[in-house]
There are 2 protein chains.
Amino acid sequence: MKATALDPDTLTPGARRVLDSASELFYERGITAVGVDLIAQHSGVTKRTLYNRFGSKETLVATYLLARDRRWRAHVADALETPDLSPGERVTVPFRALREWMRGNPRGCAFINALAELPDPEHPGHQVAADQQQWLLELFTSLATDAGLRTPDDLAHQLLCLYEGALAVQVPATTRSSAETVGDAAAVLVRAAAPSNP
Amino acid sequence: MKATALDPDTLTPGARRVLDSASELFYERGITAVGVDLIAQHSGVTKRTLYNRFGSKETLVATYLLARDRRWRAHVADALETPDLSPGERVTVPFRALREWMRGNPRGCAFINALAELPDPEHPGHQVAADQQQWLLELFTSLATDAGLRTPDDLAHQLLCLYEGALAVQVPATTRSSAETVGDAAAVLVRAAAPSNP
DNA sequence: CCTCAGGTATACTGATCGGTAAACCTTCCT
DNA sequence: AGGAAGGTTTACCGATCAGTATACCTGAGG
């Protein structure tokens with residue numbers, strides 16, 4: 001019986017408040033830097049309750065990442081609902097979603113940050129973070145394939161790098177946000193992969 | 001008298017071993033997760049000596065990042081020494097440098113990882129990490145300007161995102177490394193910014 | 001010869017870490 | 001009526017955290 005993430009959608013009221021506090025604190029201050037005592041205090045819950053619901057900090061961390069992953073996937077799925085988009089335009093939709101996402105998440109990619117703090121592949125949170133990248137890579141691949149673009153695997157890999165890069169770059173480079181600028185770059189790459197090209 | 005990074009090039013023998021051990025441990029396991037006791041033990045030095053040389057863990061962290069920054073800049077400068085390169089080719093040279101760099105550094109960008117763990121802008125290591133990005137951005141900008149490319153600021157921003165993204169993406173996506181794939185993407189973006197284009 | 005910088009050794013501080021013990025209080029379901 | 005689930009309170013555990021105290025050793029330069 002290994003410790004894995006809980007289902008973030010079926011939680012006791014107390015556990016919800018714990019998860020909400022943990023999400024905020026982990027993202028803002030880092031996972032290792034935030035102790036369980038602080039989380040319990042911040043969520044107005046006893047440490048005992050925290051451990052009754054989650055069993056360990058590891059599991060709480062994994063659940064935090066899983067909940068965040070679900071929110072992000074829903075956000076992208078929502079953006080893909082936009083009507084009247086050509087298959088080619090749909091490839092860059094995740095970048096539009098990213099633009100809104102980054103407004104409320106100025107501290108970079110929570111999954112990259114988590115991987116930085118959890119090098120151990122055995123940690124239940126490690127896999128959740130790795131899966132998030134894999135999912136996005138496959139999404140890009142299928143969007144590129146649907147659009148009939150050349151070398152969809154390579155293109156998807158490049159788009160994934162642009163995506164992660166936009167989240168990682170903190171420099172107030174230009175007046176434009178990284179998400180915007182990177183969206184343009186993605187469009188250029190997509191155009192270069194159009195089958196009509198030489 | 002604030003605590004800032006030491007000069008990594010003027011260290012006592014003991015301090016050198018401390019810094020070497022700290023560099024390895026911080027990068028492999030994360031900054032917060034590595035304690036000063038472990039560093040002292042790993043470097044075969046007394047904790048007392050560690051504190052006599054560095055004064056605090058904060059300073060040691062900042063020095064670690066500064067030393068790494070210097071190595072990376074030297075590595076890129078070295079790659080730029082390559083003779084017989086056109087100004088246009090020189091723009092993508094950092095990606096060639098990145099390819100070699102990533103062989104020995106599979107745990108992503110040490111500066112992004114550090115920023116994930118050190119959200120406090122007052123931490124002396126925070127600025128060092130932020131400066132690294134700024135330097136690379138300015139390098140790309142000047143290379144793009146020298147090549148006479150259009151909108152060099154935007155292009156540099158995009159190239160920086162590609163660079164950071166390649167370091168962040170961990171997925172064994174294709175048979176090609178992220179650095180290679182991203183190098184191709186950079187070439188496409190550079191070609192699209194050529195002044196001869198419409 | 002003497003100083004002094006660099007380093008060693010052991011021991012310690014108060015705080016915080018993740019996690020547990022034991023006992024009790026509600027509320028809801030049967 | 002009764003029990004289980006969710007939560008509470010206070011207290012505790014051994015380990016580790018960053019950092020300090022004190023005293024001693026060694027080699028090189030004046």
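By convention in this document, chain letters (A, B, ...) are assigned in the order of the sequence lines, proteins followed by strands, and residues within each chain are numbered from 1. All of these numbers come straight from a predicted model, not from anything done at the bench.
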Verify, without hydrogens or angle tests, whether A:Tyr27 (side chain) and A:Asn105 (backbone) share a donor-acceptor contact under 3.5 angstrom.
-> yes
A:Tyr64 side chain reached by A:Glu24 side chain, heavy atoms, under 4.5 Å = no
So does B:Arg16 pair up with B:Asp9, basic N to acidic O under 4.0 Å?
-> no
Set of residues satisfying side chain to side chain donor-acceptor pair (under 3.5 Å) with respect to A:Thr32, sequence neighbours excluded = A:Glu117
If a pair satisfies salt bridge (Lys or Arg N to Asp or Glu O under 4.0 Å) and one of its residues is in residues 27-56 of chain A, list it, with sequence neighbours excluded.
-> A:Asp37-A:Lys47
Scan side-chain atoms only and decide if B:Thr59 and B:Ser56 contain a donor-acceptor pair under the 3.5 Å cut-off.
-> yes
Going by number, which of residues 10-18 of chain B have a non-hydrogen atom under 4.0 Å from DNA chain C?
-> B:Thr12, B:Pro13, B:Gly14
Interatomic distance where CZ belongs to A:Phe54 and C1' belongs to C:dG18 [whole Å] | 16 Å
Cluster overlap A:Ile112 with A:Leu98, hydrophobic side-chain contacts below 4.5 Å | no
Which sits closer to the 5' end of DNA chain C, A:Gly35 or B:Thr49, going by the nucleotide each is nearest to?
-> B:Thr49
Please give, in whole Å, the distance from C:dT8 C1' to B:Arg53 CZ?
-> 13 Å
How does protein contact run along nucleotides 25-30 of chain D, one letter per nucleotide 5' to 3', with B for base contact, S for sugar-phosphate only, - for none, heavy atoms under 4.0 Å?
-> ------
Contacts to DNA chain C from residues 20-29 of chain B, heavy-atom cutoff under 4.0 Å, which residues?
-> none
Starting at atom CG of B:Leu50, determine the distance to atom P of C:dT8, rounded to an integer number of angstrom.
-> 11 Å
Mind listing the N/O atom pairs, protein and nucleotides 19-21 of chain C, below 3.5 Å?
unit_1: C:dG19; atom_1: OP2; unit_2: A:Tyr51; atom_2: OH; d: 2.9
unit_1: C:dG19; atom_1: OP2; unit_2: A:Lys57; atom_2: N; d: 2.9
unit_1: C:dG19; atom_1: O5'; unit_2: A:Tyr51; atom_2: OH; d: 3.4
unit_1: C:dG19; atom_1: N7; unit_2: A:Lys47; atom_2: NZ; d: 2.9
unit_1: C:dG19; atom_1: O6; unit_2: A:Lys47; atom_2: NZ; d: 2.2
unit_1: C:dA21; atom_1: N7; unit_2: A:Arg48; atom_2: NH1; d: 3.3

Between A:Leu60 and the options A:Leu6, A:Leu19, A:Ile31, the side-chain contact (heavy atoms from CB on, under 4.5 Å) test singles out A:Leu19
For the pair made of CG in B:Asn52 and P in D:dT22, what is the distance, rounded to whole Å?
-> 14 Å
Can you establish whether the number of heavy atoms outside A:Glu100 located under 6.0 Å from its atom CD is more than 12?
-> yes
Salt bridge check: are A:Asp146 and A:Arg90 linked by an N-O gap of less than 4.0 Å?
-> no
Using atom types as modelled and distance alone, determine if a side-chain donor or acceptor of A:Glu180 lies under 3.5 Å from a backbone N or O of A:Arg99.
-> no
Thinking salt bridges, do B:Asp153 and A:Arg176 make one under a 4.0 Å N-O criterion?
-> no
Can you find a heavy atom in the side chain of B:Phe95 that is under 4.5 Å from one in the side chain of B:Leu162?
-> yes
Closer than 4.0 Å, any side-chain N/O of A:Thr46 to the OP1 or OP2 of D:dT8?
-> yes
